[in-house]
A.B. asks: 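Okay, handing you the structure first.
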Amino acid sequence: MPRLRAQRHHRRHHPGPKLSGIGCSSKTPAYFLGQSHGFNAVHGRMPSIATGVRAANRELLLIGISGDGDTASIGLGQFCHLVRRNVPVVYIIENNGVYGLTKGQFSATADVGSTMKTGKVNELMPIDCCAIAIQLGCGFVARSFSGDQKQLRPLLKAAFAHRGTAVIDVISPCVTFADHEGSTKSYAYVKEHDAPLHAIDFVPYFEDIHVDYEPGSTHEVEMPDGSRLLLKKLGVEYDATSREGAIQALEQARREQKLLTGLLYVEPEQMPFEEDLKLVETPLAALPLEQARPPKSVLDEIMSQYMTGKGLSAPAGGG
Amino acid sequence: MPRLRAQRHHRRHHPGPKLSGIGCSSKTPAYFLGQSHGFNAVHGRMPSIATGVRAANRELLLIGISGDGDTASIGLGQFCHLVRRNVPVVYIIENNGVYGLTKGQFSATADVGSTMKTGKVNELMPIDCCAIAIQLGCGFVARSFSGDQKQLRPLLKAAFAHRGTAVIDVISPCVTFADHEGSTKSYAYVKEHDAPLHAIDFVPYFEDIHVDYEPGSTHEVEMPDGSRLLLKKLGVEYDATSREGAIQALEQARREQKLLTGLLYVEPEQMPFEEDLKLVETPLAALPLEQARPPKSVLDEIMSQYMTGKGLSAPAGGG
Amino acid sequence: MKSVVNDFSIQVATVNGSGSQTANSVLLRAIFQMGVPVSGKNLFPSNIAGLPTWFTIRASRDGYLARRRETDVIVVMNPETAAEDVGSVGAGGVIVLNDSIPVPPVPEDRFVYRVPMKSLIEPITTDVRLRRLVTNMIYVGVLGELLGIPEQEVEKALDAQLGKKPKALALNHAAVRAGWEWARQNLTKRDPFRLERMDKTAGKILIDGNTAGALGAMMGGVSVVTWYPITPSSSLVEALIGFLERHRKDEAGRATFAVIQAEDEIAAIGMVLGAGWAGARAMTSTSGPGLSLMAEFCGYGYYAEIPAVIWDIQRIGPSTGLPTRTSQADLQFVYGLSHGDTKHPILLPGSVRECYEFGMKAFDLAERLQTPVFVLSDLDLGMNNWMSDPFPYPEQKWDRGKVLSDEALAKLAKFERYRDVDGDGIPWRTLPGINKDVKGAYFTRGSGHDEAARYTESPETYARNMERLARKFETARKLVPAPDVWEDERAEVGLVAFGSTHWAMVEARDQLRAGGLPTGYLLLKALPFTEHIARFVKKYRRVYVVEQNRDGQMCELVRLELPADAARVRSVRHFTGMPVDARSVTEEILKQEGAPAAERRVAEGVTR
Amino acid sequence: MKSVVNDFSIQVATVNGSGSQTANSVLLRAIFQMGVPVSGKNLFPSNIAGLPTWFTIRASRDGYLARRRETDVIVVMNPETAAEDVGSVGAGGVIVLNDSIPVPPVPEDRFVYRVPMKSLIEPITTDVRLRRLVTNMIYVGVLGELLGIPEQEVEKALDAQLGKKPKALALNHAAVRAGWEWARQNLTKRDPFRLERMDKTAGKILIDGNTAGALGAMMGGVSVVTWYPITPSSSLVEALIGFLERHRKDEAGRATFAVIQAEDEIAAIGMVLGAGWAGARAMTSTSGPGLSLMAEFCGYGYYAEIPAVIWDIQRIGPSTGLPTRTSQADLQFVYGLSHGDTKHPILLPGSVRECYEFGMKAFDLAERLQTPVFVLSDLDLGMNNWMSDPFPYPEQKWDRGKVLSDEALAKLAKFERYRDVDGDGIPWRTLPGINKDVKGAYFTRGSGHDEAARYTESPETYARNMERLARKFETARKLVPAPDVWEDERAEVGLVAFGSTHWAMVEARDQLRAGGLPTGYLLLKALPFTEHIARFVKKYRRVYVVEQNRDGQMCELVRLELPADAARVRSVRHFTGMPVDARSVTEEILKQEGAPAAERRVAEGVTR
Ligand SMILES: Cc1ncc(C[n+]2csc(CCOP(=O)(O)OP(=O)(O)O)c2C)c(N)n1
Ligand SMILES: Cc1ncc(C[n+]2csc(CCOP(=O)(O)OP(=O)(O)O)c2C)c(N)n1
Ligand code: SF4
Ligand code: SF4
Ligand SMILES: [Mg+2]
Ligand SMILES: [Mg+2]
């Protein structure tokens, strides 16, 4: 879709706004980017806010920050439908397996056998937000670790270059309620089980850098805005552009109790939200009245239809 | 888990109640089993009703009937969490790709490229409730077709023998709004794309029938109550007991625009809801007061703790 | 026998999904074209096909558009309800019967016309499915002949309806004519009901409130519409989609609007708030169950001060209830929608014209007040056809409210999102991405912020903000539309109503006046109340608030607004799910007027 | 200088997460053990660590348990709020200061004690983290010495608290002693505040309302509990889990209860309704945002007539607001929760004892009335420690309401779920699986059913059902607990309050009486109103309804209940998020009594 790509290149994008739900994680937006608007929504419903904001102004680059409770418990429905609509937002889950702000109860991403500080054991299967996102057709799905900035940074950059929903599940130990032995989201546990898929480099489109690498050692992914992601092989080969492969890798890792981190799946060319809506270039929020209100002739024509019985009327519905 | 199996054998199970959400599909319970209780809940929330009913009375065999809008749109969160808790309910989705009762709008299971009666095309990725259920650890996942009673009947019987959530996604053409050309949930389309995985036979546990079949041609699955499912090979081999295999098969079928029907995945031995809750055998709804109210000595002991400062008090929470 | 001309009601009893819709609208329009004021009400079940459904047409030379409680002419097409239907017609009434339907014996004083519909339809088509659909046109022909509808008006109405489908058109024409011919040759007119040409509909339109509201929204410049289907609200958005697709695309076919079918109502309102916050004119439309789901977000919108427009097309019952019956029972719930201290402005359209006007006005108010604004319509107003003058093109520009331009922003020493600079409780806002000046950036959250939108848990700051919000709501009183007031110098009794109840009120006032009880009347257009209600109530010895709910919700609000007058304010309630009719209102008021016991009960504080 | 004995307030200002909780409860309990009536209030932020937090202890020889507006003794431990904290103490007040915190100059007429906490803690442990936590015990020692708390009471309190953690216990003992020793050697008592032994707490308990409510629920025989964590409601369920795990398992360790942490509040209430329908005693507990999400299901529960118990521990603000501040602002929202005509019984506990009692009572009511019953508590009552008499063991059996036994069922010719056989509006029900007789099977939906639970869209049947539901609500008036009434023969002014506001009322009445204004007082325990309110209001020339919300919600309900008296009912509102104090109530009432202008405004119908 080269047309889309070109369009994107010429459009100004505004930093932020940063949106969030409710939780310790959702307080994050208050701590950075003081120069952009922020929006602390209600619990689990940031996705719908993001959808509305983006519909109103297609020039806004949105960052959405959520927690595992916010996304996988109360917000699971909205999360799935955001992904399904492919609304362009960099969706970061600060995943600690607990409800931090309400003092450490298990969330829906808590692993089987993981314990609470009180010793209580979780017996329920965790919801893997990455697997779900891939399943729902998300074109950018990554998992990382709050302790691994080297991996997280290029992933974030690449996410902003993506044209649809980009999901990054960041395992983020809660030092107050879930950093003990028995927790599978503690620093110690994550460090031990972390299995990075590749080393990542991000090359912005405006940096015309030629990167040398050994053939076969690196996979290059071009993003719609011309920037590139370099995925360097670490041990086993991993093809981040295969949906089936990604699903299978996650399934296998689950069985082996490994934590796969890195770019799990990427498919940069997908119908973006604005195309599905066939929006004009002008942000809807900036439409002048002349474009937003049809002329008198239109109303007159419609009125005459309802005079003569040619206008349509409400169908009787059911429930 | 032989202990569990034995228990199950000796417990009386009551037929029904039949529960539903809202939609044409959700009206189904009103049409059958007049001899059992029924419950027409609010839109998309039948799973929570089912969870409550089963918690109150572990002897009830629950049938939940829902639509694709009821399950995959408004009800997606509850559906996923029901599956995650493995609440024993035979969950039937009458999947027509549209909101029938409100006159034919697309639901979240409408396929990409499918058209509405008005000609409007759906561009959004469908939600595959079976794939999601497997992903979330469901131990009984099937897909079938309302036009194929031969397949549907043994699947239903087996679902009732399952000890946790059993999901059956039944493609059920809406003859009023989605049986036209362009619809991928029309009778014609479904018949053409139906790819059955196997032929199915159900053998109830009390029928001590010995079934003869050629070695290799049939896979036998024993359910916790001793009944057996016979999955007879049709063409390609399919192993319904492999999670990974099931996920992959669905993914492949999606790519090839095939409609896999049959028992997609079965894993009879799973921690059932009641075990996670460690419930007594008596249905909670039938507890006598003596079991539900601790004796005076308990209250006295607690009171003395709060006299001496040994009682615990509310922790300050956050949000 | 004296003729009854242009003043009676027709009820057609059929089965849902049997295709009677075309027949009924042709009948309705044909009468309309004769210049006779007419209204049509569809009483349909919560079901797609198979349950009983009725269509009521009222012709009224006096222009009364409310439902008439009595049925004068019934067309019996549904075996299941035939007995009940036949029984619904009183002495002197007319029964047009599909003669294949067995009915109980009918008293002598009704006029029964038995029509051999089966044998009449057979020659017209051999296709069984089509026969079922087209049979309905036969009663149109029969009624045309019986009531005196000129043939060409029926044909014209049919053309308008089916003009684009020549095959269907021809079939329908044939069926009408078959009915007509048969009636002409076989029936002897014995009943008194007749239609005659008048000139009371020239230049008028026939339209339903949902379509009118949709038109208002488009002309109001809506740009983001979100929804989740629900009866009886879906048709508003579906009409709006139709209008937008046709009239709001640029030359390249690109849309100046976004319509998003959400996964549920929580998402729908979330999207509206996101879009409103970012500066679009955003709306959603729903009914009771959806409204309930929107509660949390609507409270958030009140506190975060985000413009939003929410239509509620009211229906009765809870979520599995009677979604296809009308009601005005969401009033108090909407007024304070959400936990905590919350208050929302509500517009109360009483006519299709007001659906159109408030469709625009709601955006102006929402953006001016920076708050969710509700438009409370109902199934009767929204889904039935109403006669009206055509809608005028808006004279005014839109009011986008207090949005700072970048120039204005640049001149400010600092921007404070929640400072009441103008004393009306309404602060200034900026829009993300639209305001390029970073000075305008601020953080949005529900409460717990100071004037500069900084987080604080200070009790004083919290209370100060709450008081400003209350002040803002006082400002709303001055901005919402004023009621219509009809005084009567001789009256001691005042009436108050809102919304679709209006039409029964107009007629009931005439009935009461004729019965010796002149009344003043105030038609509310909005909440919060404007100053007019106090003046009105003080004028009358007794005031009746008439409404379509069980709990007398508006009556309670009036009492709360005027505590000193509370004991003089009485409640008249209609809550069957059927649109209220004048006769019921009149009778109840006369009963309460004549009953000292009722007076005592009211004085003792019993609402009902 | 005159001593002030057993009548002052202490406020400790620390940082959230710094571990001051142990120190504060030891202080509280030590005073309690001295026999001095005491109450403790935790004013904590919406945050886990790092934001300012305050703990207030009030010693009151008169037994006043409400918040005291003035702070007499402040302990300054948080640099961030130090200036503000120091400023919060008036002339004659005491400031105990961690001397490493810089503070602005303090006026001469305050008593400042600077404590070298840093150097005192150093010898006690080398572990920096522990030092931070244990430092708090130093001010306990210092205050002990200054105020005259016997050392053994502090030690005893500490033992009770940390008895099971010997290492922590030793450390804390050391820190207390360090503070004590240092104070003894270095401070000269100059201020007037002193504690002396009394005998007013013997046999009393100190407990928070949420724990009390949990205890009530367990003793009420709850068997299904669902929840989604939310402050300030979580601790109710967490306490309940603790009790159930210990006291509701059989010999084999199997549970006679199910606690399900739901994925959100919609699911939580859905599970409760499912369980209640199937015959379990089921409950959930939440706060405002959760309540909003439950709206649809609660309306459904009202119409489908399903028993359910819902606790609402009220807090202020919308969803991102101030979740850790108290409020009584959900009242009207809960009363009519859901779209359409809906009304729910509400219990209004005013004390920890009533939290316990209503914790049981709510189930009896819900099952008797077959409807959702709400218990409205608040953060102040729910999460703070209150002195009380111990709770009595229930004398009565539970009331499971009108559930048909299979024997009774067998005797019936037919079972009709929604028939009002007894004239009280309450029909009989059966339970799936429990009733083996298939005659008892029926289909549950919201409305649109006849007496036999068959689907119908008949307007008359619908209205009849609505009237029965209204009748049932009238029955509720007779079943809910009656208010407590304190009359005063000399009084012309009556006061009305509910919930945690009670404690400020008790004290305000004494203040008003002392100021020459005797008052009658009615403490509401429930909605709908019982007959008592009408009698009470009629007795007084003016009635003030005192409550903790902005919009005077209970005042409005009282006015609606008594339209003829509405103009005499006034509103006193407190809405800062801090628990209401007596002085503010007293002042506002005196102001309104003395201000004819206010009177005029009320007469004109302004609520505020
Ligand atoms: C409707 C609603 N229910 C409950 C809450 C209370 N609540 C606040 S944050 C939170 C959980 C947050 O968990 P998570 O998203 O994992 O964030 P974390 O604090 O762990 O970063 C809950 C339940 C709320 N604010 N709103
Ligand atoms: C909260 C709420 N929103 C909307 C509706 C309206 N509604 C009734 S059924 C339905 C969709 C049903 O779709 P589906 O579940 O696919 O059932 P189908 O009719 O297709 O069988 C909707 C949106 C409702 N009843 N409640
Ligand atoms: S450590 Fe845990 S409790 Fe503390 S802020 Fe982080 S997530 Fe919240
Ligand atoms: S055919 Fe379609 S509209 Fe008709 S009942 Fe079935 S799902 Fe509903
Ligand atoms: Mg978390
Ligand atoms: Mg469907």
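Each chain gets a letter, A, B and so on, in the order the sequences are listed, and its residues count up from 1.
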A.B. asks: Pick from C:T576, C:L43, C:L469: which one has the most heavy-atom pairs with chain D under 4.5 Å?
C.D. replies: C:T576

A.B. asks: Top residue by heavy-atom pair count (under 4.5 Å) with chain C, among D:G299, D:C298, D:G336, D:G321?
C.D. replies: D:G321

A.B. asks: A side-chain contact here means heavy atoms from C-beta on lying under 4.5 Å apart; do D:E457 and C:T324 qualify?
C.D. replies: yes

A.B. asks: Of all of D:H449, D:E467, D:K343, which one pairs up most often with chain C through heavy atoms under 4.5 Å apart?
C.D. replies: D:E467

A.B. asks: Does any heavy atom of chain D fall under 4.5 Å from the side chain of C:T342, the backbone, both, or neither of them?
C.D. replies: backbone

A.B. asks: With rounding to the nearest 0.5 Å, note down the distance linking CD in C:E296 to CE in D:M294.
C.D. replies: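 So the CD of C:E296 and the CE of D:M294 are separated by 11.0 Å.
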
A.B. asks: Is chain D contacted by the side chain of C:Y462, its backbone, both, or neither, given a heavy-atom distance below 4.5 Å?
C.D. replies: side chain

A.B. asks: Short question: side chain of D:S292, backbone of C:S338 - any donor-acceptor pair under 3.5 Å?
C.D. replies: no

A.B. asks: Heavy-atom pairs under 4.5 Å with chain D - which of C:G317, C:A329, C:P318, C:G446 has more of them than the others?
C.D. replies: C:P318

A.B. asks: My understanding is that only residues two or more places apart in sequence, or in another chain, count here; which of them pass side chain to side chain contact (heavy atoms under 4.5 Å, CB included) with D:T456?
C.D. replies: D:D450, D:S458, D:T461

A.B. asks: Specify which of D:G448, D:S319, D:G577 makes the most heavy-atom pairs with chain C at under 4.5 Å.
C.D. replies: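 The answer is D:S319.
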
A.B. asks: Using a 4.5 Å cut-off on heavy atoms from C-beta on, say whether the side chain of C:I316 contacts that of D:M466.
C.D. replies: no

A.B. asks: So which residue, D:A534, D:S447, D:A463, ends up with the most heavy-atom pairs under 4.5 Å with chain C?
C.D. replies: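 Option with the greatest count: D:S447.
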
A.B. asks: What closest approach, in Å, do C:H339 and D:D330 show between heavy atoms, and which atom pair accounts for it?
C.D. replies: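 Between these two residues, the closest heavy atoms are CB-OD1, 3.4 Å.
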
A.B. asks: Look at C:G288, C:A295, C:A304 and state which one has the largest set of heavy-atom pairs under 4.5 Å with chain D.
C.D. replies: C:G288

A.B. asks: Atom CZ in D:R559, atom CD in C:E561: separation rounded to 0.5 Å?
C.D. replies: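 Rounded to the nearest 0.5 Å, the CZ-CD separation comes out at 11.0 Å.
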
A.B. asks: Please examine the side chains of D:L51 and C:Y455, heavy atoms only from C-beta on, and report whether any two atoms are closer than 4.5 Å.
C.D. replies: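 Side-chain contact under 4.5 Å: yes.
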
A.B. asks: Among D:R445, D:Q314, D:E460, D:R464, which residue forms the greatest number of heavy-atom pairs with chain C at distances under 4.5 Å?
C.D. replies: D:R445

A.B. asks: Out of C:Q553, C:Q332, C:R550, which one pairs with D:D341 under the side chain to side chain donor-acceptor pair (under 3.5 Å) rule?
C.D. replies: C:Q553

A.B. asks: I'd like to verify something: which residue of C:P52, C:S287, C:G340 has the highest number of heavy-atom pairs under 4.5 Å with chain D?
C.D. replies: C:G340

A.B. asks: Select one option (side chain, backbone, both, neither) describing which atoms of D:I266 are under 4.5 Å from chain C's heavy atoms.
C.D. replies: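 Side chain only.
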
A.B. asks: Listed by chain and number, what are the side chain to side chain contact (heavy atoms under 4.5 Å, CB included) partners of C:A13, not counting sequence neighbours?
C.D. replies: C:W54, C:T81, C:D85

A.B. asks: Heavy-atom distances under 4.5 Å only: say whether C:F297 touches chain D with side chain, backbone, both or neither.
C.D. replies: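 Neither part.
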
